[in-house]
Protein chains: 2
Amino acid sequence: MARVKEASTEKRILDAARRVFIRKGMAGARMQEVADEAGINKALLHYYFRDKQRLFEGVFKGGAEQQFGCIWGALKDRTDLFDAITAFVSAFIDRMVEDPLLPLFIAQEMNRDPEGLRAFIDRGHMSRQHFARLVEEARVRGAIIDVDARDLLVNMMALSAHPFIARPMILHIHGMNEAAYHRMILERKRTVPDFIIRSIRA
Amino acid sequence: MARVKEASTEKRILDAARRVFIRKGMAGARMQEVADEAGINKALLHYYFRDKQRLFEGVFKGGAEQQFGCIWGALKDRTDLFDAITAFVSAFIDRMVEDPLLPLFIAQEMNRDPEGLRAFIDRGHMSRQHFARLVEEARVRGAIIDVDARDLLVNMMALSAHPFIARPMILHIHGMNEAAYHRMILERKRTVPDFIIRSIRA
DNA sequence: GTCTATATGTAGATAGAC
DNA sequence: GTCTATCTACATATAGAC
């Protein structure tokens, strides 16, 4: 038992399916591609997960905490709005660097089936309430101008997520190569919070 | 000839295909659905456009001017950076209200085939150069802090496009109904330029 | 040009041997 | 549990009548 175990077949299927679904979306994903990427055979997918839909759910249901927990979590511990904004954007970008296609995938699938990935999102509810309180508190003590907390959160998510969603467009428009793009992304962990804070500071 | 003509079959196919492709993406779109929506029969699609790929190209090749011309055009005529930002965001949002699924579709398809929609994007090249000059000019005369024009443009596009791309998520996260969402979108024609300008003003 | 009917290809799903 | 072989369903594409 001291021997390092190979990842179980089920685990390898889930990992492979996750990559393929995120890369191609539900409609574009092929069971064959998942099988190939898991190093097994198509029939075995159906043995573990009855059909494509269930495989999809097996991958993404209940994975919300793992996917976004760290991002919403970054908000939770903060007592200062500006710190919260900085931590959120930084955590968001860090997470997306690991899985650059995730935001596009989620946008795609939520559009196809708004109920489907609801669990994906719900987990941050407490954190969002906390964030709204930080905004209100900062407004009361005159640290920021009068802004809508929901609008602000939309802007934070937009500025964090969009460079990943629009990656091919940005590469093309600005004639960037991989390295330049990656540099821009990393710099945005600093420039985006600055951008946001400058615009709301009283 | 004074009689009002029905839209030609080819035109109706293109219109229907456009709607279906934007709604479902290339992978998710079905020829049958296009045929139904055009009020004709599947075989006729193949008569006019040899296959699905060519239909897709027939819809989206060369349509760049129509799709984005008005947005880049909004930049072109401006001599003041702040006016340019306001006009761009406003034009972008107006355009997206007409076709709310367009930004998600483009992100999706550019990811699938980065070459495919290149023509879609290229048209704004002159406008982007003009925009970079406006940024530089504003910086020289001390109207704004030192910002990277490319980053700024990314932020403008992010703040304009993301609410459309993430619509289902925003509805869900903030517990909005259609009306509230629509109100927020329209208000963003004002709040987003304010947000941007505040953050770069010297 | 437009239709009905049909062929072809591909992907999801099952049967059954090992 | 894992494989090969096969079935079924569906989507794209074509043939041919009108």
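Below, read A as the first sequence line, B as the second, and so on, with proteins coming before strands; counting in each chain starts at 1.
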Figure out the CD1/C1' separation between A:Ile13 and D:dC3, and round it to whole Å.
13 Å
Quick note, side-chain hydrogen bond (donor to acceptor under 3.5 Å, both in side chains) partners involving residues 145-169 of chain A, not counting sequence neighbours, are A:Asp151-B:Arg188, A:Asn155-B:Arg188, A:Arg167-A:Glu178
In degrees rounded to 10°, what angle is found between the helical axes fit to the five outermost pairs at each end of the helix from C:dG1-D:dC18 to C:dC18-D:dG1?
10°
Pairs involving residues 190-202 of chain A, ordered by first then second residue, that meet side-chain hydrogen bond (donor to acceptor under 3.5 Å, both in side chains) (sequence neighbours left out)
none
Under the salt bridge (charged side-chain N to carboxylate O under 4.0 Å, His left out) definition, can you give me all pairs with a residue in residues 25-34 of chain A, not counting sequence neighbours?
A:Arg23-A:Glu33, A:Lys24-A:Glu33
Expressed in angstrom and rounded to an integer, what is the separation of A:Arg54 atom CZ from C:dT14 atom C1'?
14 Å
What's the CG-P distance between A:Leu45 and D:dG1, to the nearest Å?
15 Å
Contacts of A:Phe131 meeting ring pair (Phe, Tyr, Trp, His ring centres under 6.0 Å) (sequence neighbours excluded), chain-then-number -> none
Could you tell me whether the side chain of A:Met157 reaches within less than 4.5 Å of the side chain of B:Ile170, counting heavy atoms only?
no
Whole-Å distance between C:dG12 C1' and A:Lys24 NZ?
16 Å
Classify every nucleotide of nucleotides 4-18 of chain D by which part a protein heavy atom approaches to under 4.0 Å, writing B for the base, S for the sugar-phosphate alone and - for neither, in 5'-to-3' order.
B------SBBBB---
The criterion is ring pair (Phe, Tyr, Trp, His ring centres under 6.0 Å); which residues satisfy it with B:Phe21, sequence neighbours excluded?
B:Phe56
Residues which pass salt bridge (charged side-chain N to carboxylate O under 4.0 Å, His left out) with B:Asp51, listed by chain and number, not counting sequence neighbours
B:Arg54
Residue pairs meeting salt bridge (charged side-chain N to carboxylate O under 4.0 Å, His left out), one or both in residues 66-86 of chain B, sequence neighbours left out, come to B:Asp80-B:Arg141
